[in-house]
Asker: 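Dropping a structure here in structure tokens format, bear with me for questions.
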Amino acid sequence: MVSPSRLPYLLRLVDAFTANRTQVEETISSSLDNWRLDRLSVMDRGILRLGTTEILFLDDLPGKVAIQEAVRLAERYGGTDSPRFVNGVLDAVYRASGNR
């Protein structure tokens, strides 16, 4: 169940992803070393999409916070290697976005 107080943020996130899906997925793909987006687990792919959308399109959320939250999701819902993998990919996305 989603807290009503979180709903506006979640709607903003979904809207940002929907409007920019191609760019989000191209950005993730360019940050993957020897992997293709369609080969990732559904959970890791979803977490990377959320984190990348936050980094690229939600300016009021610091990129490092987006990465930290994505890693937490990966720890809770991903596989054994998911947290480290998500951290590495999103860090590359963050650096490529021009944020330091």
Side-chain angles (χ1 to χ4, degrees):
M1 180 115 174
V2 176
S3 168
S5 65
R6 300 292 295 155
L7 198 53
Y9 177 79
L10 292 174
L11 291 173
R12 249 180 78 218
L13 180 59
V14 169
D15 288 344
F17 174 72
T18 302
N20 300 287
R21 182 180 183 145
T22 300
Q23 184 179 351
V24 167
E25 292 187 350
E26 287 173 355
T27 301
I28 294 168
S29 293
S30 69
S31 298
L32 293 172
D33 288 330
N34 302 315
W35 283 92
R36 289 190 337 255
L37 190 58
D38 63 340
R39 299 269 329 223
L40 302 180
S41 74
V42 171
M43 189 58 63
D44 288 351
R45 189 169 50 236
I47 293 169
L48 289 172
R49 285 173 172 158
L50 292 174
T52 300
T53 301
E54 289 175 327
I55 291 167
L56 297 179
F57 301 105
L58 300 184
D59 296 333
D60 56 330
L61 180 71
K64 292 292 185 179
V65 173
I67 294 170
Q68 183 180 22
E69 293 301 316
V71 169
R72 285 186 186 163
L73 287 173
E75 287 171 347
R76 184 164 183 175
Y77 299 108
T80 305
D81 296 326
S82 294
R84 187 175 50 167
F85 179 74
V86 165
N87 184 65
V89 173
L90 290 180
D91 186 60
V93 166
Y94 180 73
R95 285 184 279 111
S97 73
N99 296 306
R100 305 270 174 200

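Just so we're clear, the structure is a prediction, and the values are computed from it rather than from any experiment.
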Asker: Are Ile28 and Val14 connected in the hydrophobic side-chain network, where two residues link if heavy atoms are under 4.5 Å apart?
Answerer: no

Asker: Is the closest side-chain heavy-atom distance between Phe17 and Glu25 below 4.5 Å?
Answerer: yes

Asker: Kindly give the heavy-atom pair with the smallest separation between Pro83 and Val71, and that separation in Å.
Answerer: O-CG2, 3.9 Å

Asker: Given Thr53 and Asn20, is the side chain to side chain contact (heavy atoms under 4.5 Å, CB included) satisfied, shown in steps?
Answerer: CA-CA 8 Å; Thr53 301; Asn20 300 287; over 6 Å; no

Asker: Applying side chain to side chain contact (heavy atoms under 4.5 Å, CB included), run through Arg12 and Asp60 and close with a yes or a no.
Answerer: CA-CA 12 Å; Arg12 249 180 78 218; Asp60 56 330; 2.7 Å; yes

Asker: Taking all atoms of both residues into account, what is the closest heavy-atom pair of Tyr77 and Met43, and its distance?
Answerer: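 So the two residues come closest at O-CG, 3.6 Å.
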
Asker: To the nearest 0.5 Å, what is the distance between CD1 on Ile47 and OG on Ser41?
Answerer: 7.5 Å

Asker: Taking Ser82 for the side chain and Gly79 for the main chain, is one N or O donor matched with an acceptor at less than 3.5 Å?
Answerer: yes

Asker: Enter the distance from Arg95:CZ to Leu90:CG here, rounded to the nearest 0.5 Å.
Answerer: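 The distance works out to 11.0 Å.
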
Asker: Evaluate Leu48 against Val24 for side chain to side chain contact (heavy atoms under 4.5 Å, CB included), listing each step before the verdict.
Answerer: CA-CA 9 Å; Leu48 289 172; Val24 167; over 6 Å; no

Asker: Looking only at non-hydrogen atoms, find the nearest pair between Gly63 and Tyr94 and report the distance.
Answerer: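 Smallest heavy-atom distance, with atoms named: CA-CE1, 3.5 Å.
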
Asker: Among Thr52, Thr27, Leu56, exactly one meets side-chain contact (heavy atoms from CB on, under 4.5 Å) together with Ser97. Which residue is that?
Answerer: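 Between Ser97 and the candidates, side-chain contact (heavy atoms from CB on, under 4.5 Å) is satisfied uniquely by Leu56.
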
Asker: Would you say that Leu50 contacts Leu13 through its side chain, given a criterion of any heavy-atom pair below 4.5 Å between the two side chains?
Answerer: yes

Asker: Looking at every heavy atom in both Pro8 and Ser5, which two are closest together, and how far apart are they?
Answerer: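 Closest pair (atom of Pro8, atom of Ser5, distance): CD-O, 3.7 Å.
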
Asker: Does the distance from a Lys or Arg side-chain N to an Asp or Glu carboxylate O, for Asp81 and Arg84, drop under 4.0 Å?
Answerer: yes

Asker: From Arg45 CZ over to Trp35 CH2, what is the distance, rounded to the nearest 0.5 angstrom?
Answerer: 11.5 Å

Asker: Of all the heavy-atom pairs spanning Leu37 and Leu32, show the shortest one and how long it is.
Answerer: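 Minimum heavy-atom contact is N-CD1, 3.8 Å.
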
Asker: Output yes when Asp44 and Arg49 qualify as a salt bridge under the 4.0 Å nitrogen-oxygen rule, no when they do not.
Answerer: no

Asker: Salt-bridge test for Arg72 and Glu75: reply yes if a basic N is under 4.0 Å from a carboxylate O, no otherwise.
Answerer: no

